[in-house]
Amino acid sequence: MIKAIRGTRDLLPPEMALWNFVEAAVRDVFRAYNFHEIRTPIFEDTQLFSRSVGEETDIVSKEMYTWQDQGRAQSDKGQSLTLRPENTAGVVRAYIEHNLQARGLSKLYYIGPQFRRERPQKGRYRQFYQIGAEILGPATAGSESPARDAEILELLSTLLDRLGIKGWTLHLNSIGCANDRAKYNEALRKALDPVKDKMDPDCQRRAVTNPLRVFDCKVPEDQPIIEKLPRISEFLDEPCRQHFEQVQEILKSVGVEFELNDRLVRGLDYYTRTAFEFTHGALGAQNAMLGGGRYDGLSESLGGPPAPGIGFAIGEDRLVMSLTESAEAVVRKPDVYIAPLGPGMNKEAARLARELRRHDLVVELGDESFRLKKSLETAAKLGSEYALIAGENELSTGVFALKNLATGEQKSIARDALAQTIQRM
RNA sequence: GUGGGAGUAGCUCAACUGGCAGAGCACCGGACUGUGGCUCCGACGGUUGCGGGUUCGAUUCCCGUCUCCCACCCCA
């Protein structure tokens with residue numbers, strides 16, 4: 001038997017209804033904040049990711065699905081292509097390619113699959129779905145303002161509330177401007193140098209390759225060392241510190257709760273200044289439900305114009321997982337099940353169905369070969385509100401038997417009044 | 001990529017130390033010719049994840065492999 005490959009899965013009804021519910025709510029919220037949808041290709045030039053996400057990151061160094069495309073001519077080598085492991089790079093590429101800076105501030109959102117070749121576990125898949133958004137544009141359009149950071153965070157809290165997700169925590173940090181980062185990295189290396197030999201091998205490796213990531217170390221024995229390390233907050237220059245202050249002030253004024261977490265660092269190279277993460281208790285070890293941050297230099301590093309920006313990505317798989325409502329609750333059940341009774345009645349049933357569906361009713365059809373008992377059973381099993389009996393008697397009199405399956409009450413309704421009666425539930 | 005656990009009917013799970021692969025629910029049909037939910041009866045349902053090995057005999061023991069789950073790494 002051919003099976004779905006490792007780390008991929010089928011989303012079947014009724015769970016799929018939950019995904020649609022989430023996406024509809026998300027689009028609704030984005031509309032209120034004047035975001036507009038963008039779709040970018042699911043594969044791109046490999047360099048787009050290595051240059052933005054960072055050559056040294058796990059994502060680029062070992063998790064990408066990359067292949068050599070065929071060239072046009074037999075002799076051509078073709079180019080290296082990659083299934084997108086995240087969507088910010090693609091959005092920024094599109095921003096540059098279509099000269100969106102000419103339109104002022106861009107507020108874009110996307111929903112779609114991403115691909116990373118990691119070992120699957122709960123809440124982690126090789127094809128997973130992200131809902132994300134980006135605000136970027138010329139600094140003169142306000143893209144750099146702390147108001148944008150706050151707007152993004154406030155939007156997210158609205159979205160989670162709207163979906164009825166309880167028990168989330170917003171972790172907030174600033175990882176500094178480019179200058180701060182350089183100074184801070186230097187200080188970190190200096191502080192780590194005498195002590196790193198005592199650390200877990202894995203943490204040691206980070207101390208060398210990317211000192212910031214030492215803060216992600218979870219080995220208990222290393223915690224005392226980590227606690228004593230200098231913090232980025234001590235290295236922020238004045239504009240950067242003020243920017244972060246203002247983000248916090250706006251959040252307080254709109255009533256969005258957050259926790260400062262100066263150990264929150266993020267894995268992608270392009271992040272600067274504001275970094276954040278929303279966690280949720282019900283997700284096990286993969287408790288990051290969404291994350292994001294500012295990326296003021298990304299556009300330029302991809303050869304584009306200056307376009308400071310901030311964005312986030314929600315793990316849709318994890319978001320759906322944390323929803324408490326059952327999938328059944330959001331599935332729309334049939335309003336009426338039509339039971340054609342006796343030879344030749346399928347034709348009549350089809351006409352009835354057509355009429356009722358035009359009134360925006362959800363209609364399911366039986367078959368003239370079914371016994372009435374079977375039709376009623378099926379109708380009840382599907383959760384249909386009504387059963388409509390279409391037999392010889394009804395056809396000749398023009399008056400149909402309409403049965404409410406919840407109460408068992410049955411009425412005779414003239415053909416013209418059927419849709420109206422069913423709608424009045 | 002590393003460590004641990006688990007794969008038996010559509011679903012949830014049994015099967016003693018190696019001895020005829022089972023139950024509940026679901027599904028289908030009947031009792032009941034145009035009236036569902038309750039009840040009763042019956043039928044269907046399996047390469048025991050896959051491949052090899054040991055054995056008279058393997059769901060059970062051994063090896064390999066695949067998938068899922070938990071954790072690490074990392075991230076959404």
Side-chain angles (χ1 to χ4, degrees), chain A residues 1-9 12 53-54 56-63 84-88 111-132 156 200-203 205-206 210 213 216-219 264-268 271 276-280 283-293 311-322 337 339-343 345 366 368-384 386-395 400-410:
Chain A
M1 183 173 59
I2 299 174
K3 296 193 287 188
I5 62 174
R6 183 176 174 78
T8 71
R9 59 183 178 150
L12 305 172
V53 175
E56 300 306 316
T57 59
D58 283 12
I59 292 178
V60 171
S61 63
K62 57 187 192 195
E63 295 174 359
R84 64 185 186 199
E86 58 100 50
N87 217 335
T88 299
I111 300 174
Q114 319 291 336
F115 305 85
R116 291 181 200 171
R117 198 180 180 290
E118 295 180 277
R119 179 109 170 224
Q121 75 187 68
K122 194 174 205 67
R124 161 177 295 166
Y125 305 95
R126 288 181 170 185
Q127 174 173 336
F128 60 104
Y129 294 81
Q130 284 189 334
I131 299 168
L156 284 165
D200 173 84
D202 201 62
C203 305
R205 183 177 51 78
R206 294 183 207 191
N210 190 351
R213 299 217 60 88
D216 271 346
C217 262
K218 285 161 196 151
V219 186
L264 173 68
V265 293
R266 297 194 51 79
L268 282 49
Y271 282 120
F276 58 88
E277 213 168 85
F278 285 66
T279 58
H280 193 273
L283 295 174
Q286 309 305 322
N287 67 352
M289 182 163 55
L290 70 94
F312 64 83
I314 303 172
E316 191 175 3
D317 307 75
R318 294 178 185 178
L319 183 69
V320 168
M321 208 181 305
S322 68
Y337 182 99
L341 210 58
M345 294 309 292
E368 62 186 31
S369 68
F370 294 171
R371 286 164 50 186
L372 182 57
K373 175 187 163 63
K374 174 172 171 167
S375 285
L376 291 175
E377 264 172 12
T378 306
K381 200 159 55 193
L382 291 174
S384 181
Y386 289 97
L388 174 61
I389 298 165
E392 303 283 349
N393 300 344
E394 285 77 8
L395 187 55
F400 289 80
L402 184 67
K403 179 164 190 166
N404 182 317
L405 289 163
T407 64
E409 187 188 6
Q410 185 165 319

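Numbers restart at 1 for each chain; the letters A, B, ... are given by sequence-line order, proteins then strands.
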Please state whether the phosphate of [N], meaning OP1 or OP2, lies under 4.0 angstrom from any side-chain nitrogen or oxygen of [X].
X      : N     : value
A/Q121 : B/A71 : yes
A/R371 : B/G36 : no
A/K122 : B/C68 : no
A/K403 : B/U35 : no

Watson-Crick and G-U pairing of RNA chain B, under 3.5 Å, as dot-bracket with | and [ ]:
(((((((..((((.....[..))))..((((.......))))......(((((..]....))))))))))))....
Is a side-chain N or O of [X] found less than 3.5 angstrom from the main chain of [Y], in a donor-acceptor match?
X      : Y      : result
A/R318 : A/M289 : no
A/R126 : A/E118 : yes
A/E368 : A/M345 : yes
A/S384 : A/Y337 : yes

If each of A/A4 and A/F128 is mapped to the nucleotide of RNA chain B with the nearest heavy atom, which maps nearer the 5' terminus, i.e. the 5' end?
A/A4
For RNA chain B, whose closest nucleotide is more 5', that of A/R318 or that of A/L405?
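Going by which nucleotide is closer to the 5' end, it is A/L405.
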State, yes or no, whether a side-chain contact exists between A/E277 and A/L264 at a heavy-atom distance under 4.5 Å.
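Yes, close enough: below the 4.5 Å cut-off.
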State, with a plain yes or no, whether a side-chain heavy atom of A/R116 is found less than 4.5 Å away from one of A/K62.
no
Please identify each residue that fulfils side-chain contact (heavy atoms from CB on, under 4.5 Å) with A/K381, with sequence neighbours left out.
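A/K381: no side-chain contact (heavy atoms from CB on, under 4.5 Å) contacts found.
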Could you check whether [X] gets within reach of a base, just the sugar-phosphate, or nothing at all, counting any heavy atom under 4.0 Å?
X      : answer
A/R124 : base
A/Q410 : base
A/G123 : base
A/N393 : base

On the side chain of A/E394, is there an atom forming a donor-acceptor pair with the base of B/G34 - under 3.5 Å, no angle test?
yes
Looking only at the side chain of A/L376 (C-beta and beyond, no hydrogens), which of the listed nucleotides B/A71, B/G34, B/G36 gets closest?
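Within the option list, the nearest is B/G36.
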A/A380 side chain, from C-beta outward: closest of B/U33, B/G36, B/U35
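The nucleotide sitting nearest to the side chain is B/G36.
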Neighbours of RNA chain B within residues 111-120 of chain A, by heavy-atom distance under 4.0 Å
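Under 4.0 Å from RNA chain B: A/R116, A/R117, A/E118, A/R119.
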A/E394 pairs by side-chain contact (heavy atoms from CB on, under 4.5 Å) with which of A/I389, A/L388, A/L402?
A/I389
In whole angstrom, give me the gap between the C1' atoms of B/C20 and B/U2.
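That atom pair is separated by 44 Å.
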